[in-house]
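Before any comments, here is the structure.
In listed order, ligands and their atoms are each counted from 1. Model, not experiment: these values are computed from the prediction. When a residue number appears, it is its place in the shown sequence, counting from 1.
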Amino acid sequence: MNIELKHDLAQLDQILEDVKKRSLDFLTHLNDLPTYASDQQTKPEVLEKDGLGTPQTLEKFQEKYQKLMVASPGPRYWGFVTGGATPASIAGDWLTAVFDQNTQGTKGAGDVSAIVEKETIRLLCQLLNLPEAFNGGFVTGATMSNFSGLAVGRQWAGKKLGIDVSREGMSSEIVVMAATPHSSVIKSLSMLGFGSNNLLKINVLPAREAMDIADLEAKLVLHKGKSVIVNCSAGTVNTVDFDDIAAIAALKKQYDFWLHIDAAFGGFAACSPANSHLLSGWEQADSITIDCHKWMNVPYDSAVILVRKQHDRLQVETFQNTNAPYLGDPSENFSYLNFLPENSRRFRALPAWFGLVAYGKSGYQWIVENSIARAKELGEYIVESAFFELAAPVRLNVVCFRLLSTDRTMEFLDKMNKSGKVFMTPTTLDGKTCIRAAFVNYRTSIVDIAIAKKEMEAAYHFVVNR
Ligand SMILES: *Cc1c(COP(=O)(O)O)cnc(C)c1O
């Protein structure tokens, strides 16, 4: 055996102790680590003939890169929709690497990881109050969930036109409709051969990001005879607006379309009885996207695609790995290899399973309601503030705001982010530059809101008095 490998194996105990020490150091200081790194310049190196071994490599990573890392899993990183990682999900993720299973679920391969994955999907559906009508699997993120749901939708839509798209190729007779789709839906349309320019935009309601149902129905009438996929948003990233899912699902009976719901983070509103009505009707979807590395606070990369069990055959047609014609009932001959875009996969369900079992329904209800409470606090502060105004009401867990009396929103954001105490990201709403603060981390407390307010005011005064 190579000498460094041999040394490493012989001192595995010390290596894992060292990793534990470094992990604890990061996690216990996370609340105080900077949310911004001003200089991430590094010097490229040459790969040495002989390696350093793991102990020295750990040291080297710490010196060279760790200090440049930002506290994105910390309590005041409110850019994008960035979740944290709970202790249970970190434990599951660490063991995922240790167990190093390849979750393909090939029959007879003794693959318990696929059994755990199916069970995790069942538990997740219970958490989200979804019926047993869905099968699902883990993919890397909501982008791939949207891709997968729309891919099976494409196969369904092709069949309606008498075309097997997975074998014969794309049909231009398939129409995708959406009002305020996430950018990853547009990306999926380009990856799937629809063409990102070919999305049929449905109007939104006045001063909303949600779909105008009357316009949807008018466009469904106009496209009768074509094959339609409707992409519905359950939580937009700017204002956490929800399409009226029950109204859209009701139209399904009359117009027969594939209903895909992008509920990447908004799906977790189901954990909160006060907010679960936002999802009413979603159990009628054909496919649903759920991100676990956002509001579920599982480490990256973790997301789920749920597809109705009745579409099993379409899903296997879409993703089957062999060229042999598909034989038999997919539920009897189940293999993830023929069910999802990837072939070899890590034991990706394990961190989510750990989280579900460790915290249960009440744990996730607490995480979700804590985030909503923090967003409402920041929102109330902004309403009362003489410096800022809300760009949209705080519907759930995102605060979208701008400066009240100056057009220096971007300068303000830059100054505030460079404080390293709190981090937010810009967006455009109704043609105006705005700032988003998204709350999805279980660590965020009332203390963090106070710290943020102080930094916001300091940055405001700096920019205005300059
Ligand atoms: C984050 C997000 C996505 C994309 O998710 P990734 O995990 O980044 O791939 C898709 N849809 C919505 C609504 C999101 O918030």
Can you sort out which atoms of ligand 1 are near [X], meaning under 4.0 Å from one of its heavy atoms?
X	result
D291	1 (C), 5 (O), 6 (P), 7 (O)
G141	7 (O), 9 (O)
G235	13 (C)
T143	4 (C), 5 (O), 6 (P), 9 (O)

With a heavy-atom distance limit of 4.0 Å, tell me whether [X] approaches ligand 1 through its side chain, its backbone, both, or neither.
X	value
N146	side chain
A142	both
F265	side chain
M144	neither
V237	side chain

Inset, instruction - Run the salt-bridge test on D286 and K252 with the 4.0 Å N-O cut-off and return the result as yes or no. - result: yes
Legend entry - NZ/NE/NH1/NH2 to OD/OE distance under 4.0 Å, E117 and R348: no
Legend entry - A303 to ligand 1, any heavy atom closer than 4.0 Å: no
Inset, instruction - Would you indicate whether L24, at its atom CG, is surrounded by more than 12 heavy atoms from other residues, nucleotides or ligands within a distance under 6.0 Å? - result: yes
Legend entry - Whether over 12 other heavy atoms sit under 6.0 Å from K160 NZ: yes
Legend entry - Any side-chain donor near an acceptor of the partner, E209 and T239, under 3.5 Å: yes
Inset, instruction - Assess the side chains of S287 and R308: does a donor N or O sit below 3.5 Å from an acceptor N or O? - result: no
Inset, instruction - Measure from the ring center of F265 to the ring center of F439 and say whether it is less than 6.0 Å. - result: no
Legend entry - Nearest option to atom 3 (C) of ligand 1, as decided by whichever heavy atom of K187, H293, H182 sits closest: H182
Legend entry - Heavy-atom nearest neighbour of atom 12 (C) of ligand 1 within options A263, S184, S233, A264: A264
Inset, instruction - Provide, to 0.1 Å, the distance between atom 15 (O) of ligand 1 and the closest protein heavy atom, together with that atom's residue and name. - result: K294 NZ, 2.8 Å
Inset, instruction - Around atom 11 (N) of ligand 1, find the nearest protein heavy atom and jot down its residue, atom name and distance. - result: D262 OD2, 2.7 Å
Inset, instruction - Say whether, by atom type as modelled, one donor and one acceptor occur between the side chain of K376 and the main chain of V394 under 3.5 angstrom. - result: yes
Inset, instruction - Could you tell me whether a side-chain N or O of T444 sits under 3.5 Å from a main-chain N or O of P75, the two making a donor and an acceptor? - result: yes
